[in-house]
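Report on one structure; see the data block that follows.
For reference, positions follow the sequence shown, starting with 1. The model shown is predicted, which means the values in this text are computed figures rather than measured ones.
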Amino acid sequence: MIKDIRLRLDPATAHDPEKVKKAACSSAGFKESDVTRCNVIRRNIDARQRRIWIDMEVRLYSGEDNDIPARYKSPDFQTLKADAPHAVVVGAGPAGLFASLKLIESGIKPILLERGKDVDSRRKDMAAISREGIVNPDSNYCFGEGGAGAFSDGKLFTRSKKRGNTDSVLAILHRHGAQDRILIDAHPHIGTDRLPEVIKAIRHTIERCGGEIHFNTRVTDLLFNDRHDEVIGVVTAGGEQYLGPVILATGHSARDVFYFLQRAGVSMEPKGIAVGVRLEHPQQLIDQIRYHNPQGRGPYLPPAEYTMLTRVDGRAVYSFCMCPGGVVIPASSAPGELVVNGMSASSRGGRWANSGMVVEVLPEDVEGDDPLRMLEFQKGIERRFYEDIPDGSQKAPAQRMTDFIDGRQSKSLPASSYPPGVYSSRIDQLLPPPIAHRLQEGYKEFGRKHKGFVTPDAILIGDETRTSSPVRIPRDKELLNHIEVKGLYPCGEGAGYAGGIVSAAVDGQRCAEALANQLKN
């Protein structure tokens, strides 16, 4: 017999497996001696009131021994036939990796092309950004195996309604080494220390099954048929040609891809983005605020998270990619620009909490009719922040939160997690005035709702501009290929159809399924 029980427990009880089992048995009317296994299958923290509760769904087994729910069963990836048809996948981020796995399931050989290096080799280039201010335009926090998510918090939460696909993504990640808790937590994450190993395991599955992966292989153009209405392959910077229908999963920062698509006459459209800063607090302060306890989180609760949202002058102001116990990182993908982001390890055990604090920017907010105008707007902010740096490094301008609100330069700055270092500057003047104003008013609103959130102990660091792609590549809603060009499947974040690891992976699966269906017809 298997029975699922919902429990609402205090943190100390929820922390103890034996007490959880006892509470579940009591609720179900089972004798503890009759229960062979007790698994937590869902867990969420309710910190809305002063008393903290842990809401849990627990599965009790009596005479059964199946510890993974059926919806989390991962497929067995089989070796491809020698004569399997080929498809080209451009980009080895979540969309590209999961598209490749789905192609293998469909009996199609993926040829996966990645401009950057493998996930281990990327580390040296990322270290060079922090230590020497050197940005390799093909290998950095945005480009390389695993994409922009490989060295991030590894958040797996998505609001996608396609739960079946979402569960399959979690199942595949779990099968390739992610922790059991990603199948349990309401807001699961893997952590930047664990995610690279998961990515490597996925690569080994692709190669074991007969797929190809080529690193240091930057795609520079598309190959068309004679009528120029169908993509039949790609050309790389080294002059190689790879033939087959193309899944374009290049991520939100591959600006050169948008440029060569424009030159090739592939239609695109501007897409709304969000622009702002990284906001960093001491983690203990966030724990005190969120858990309503001056002592912080105590021994039974994880580092606290937060979500902030308001509207100022008709535009959303909100927190993005919140990293408890994390660090702020330099995320520039080319020389002459400054961009920051955030990440955290699986333990989330650092001294600081950070999040993107951003303002919605819509295409009508930026003058012109160029489909790439949002991209150029984004670039302009990144260049302005870089030009403010006094020594040409990747140090970041910073400002105390209260000084930003009041419009004055900070005389001093608290310690920060940002590896290249920070210096005092007027972020309120570096940002476009509409964005700075909305952030200032948004912070005031957040401070009214959450006492202690607005504090001189928090600082704004650099510019957060890479929240999503500034371009959408339009595609057929059913077939998922480009609306005008056959054989081209715009995919994931870079094409404007995803917003994180899981949603990008789901979109990769969908595009691979659509491609497979087209090959069958």
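Stacking of R297 on the aromatic ring of Y291 is not recorded, the 6.0 Å distance cut-off and the 45° axial limit not both being met.
For NZ of K109, the number of neighbouring non-hydrogen atoms (other residues, nucleotides, ligands) closer than 6.0 Å is greater than 12.
Remark: the backbone N or O of V327 is paired with a side-chain donor or acceptor of N354 at under 3.5 angstrom. A donor-acceptor contact shorter than 3.5 Å links the side chain of S332 to the backbone of E337. Within the 3.5 Å criterion, the main-chain N or O of S468 finds no donor-acceptor partner in the side chain of E493. A donor-acceptor pair under 3.5 Å links the side-chain atoms of N517 to the main chain of E513, judged by distance alone. Of the possible donor and acceptor atoms, one in the side chain of Q283 sits under 3.5 Å from a partner among the backbone N and O of G325.
Salt bridge present: R175 and D76 bring a charged side-chain N and a carboxylate O closer than 4.0 Å. A salt bridge links K102 to E105: one of the charged nitrogens lies within less than 4.0 Å of a carboxylate oxygen.
Aromatic rings from Y306 and F446 are positioned such that their centres are separated by 6.0 Å or more.
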Item to check | Worked verdict on E114 versus I213 for side chain to side chain contact (heavy atoms under 4.5 Å, CB included) | outcome: CA-CA 8 Å; E114 169 54 50; I213 300 180; 5.6 Å; no
Item to check | Verdict with supporting geometry, R122 and D125, salt bridge (Lys or Arg N to Asp or Glu O under 4.0 Å) | outcome: CA-CA 5 Å; R122 287 177 69 184; D125 295 311; over 6 Å; no
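Considering every non-hydrogen atom in both E305 and R290, the closest pair reads O-NE, 3.0 Å.
With no hydrogens or angles considered, a side-chain donor-acceptor pair links Y423 and D388 at under 3.5 Å. Under the 3.5 Å distance criterion, with hydrogens and angles disregarded, a donor-acceptor pair is assigned to the side chains of S333 and R466.
Residues forming a side-chain hydrogen bond (donor to acceptor under 3.5 Å, both in side chains) with Y259 (at least two apart in sequence, or on another chain): E376, K379.
Taking 4.5 Å as the limit, some side-chain heavy atom of N341 sits within range of a side-chain heavy atom of C321. The side-chain heavy atoms of F77 and I172, taken from C-beta on, include a pair separated by under 4.5 Å.
Note that the CD1 atom of I199 and the CG atom of D120 stand 10.0 Å from one another [nearest 0.5 Å]. Going from atom OG of S393 over to atom CG of L338 covers 9.0 Å, rounded to the nearest 0.5 Å.
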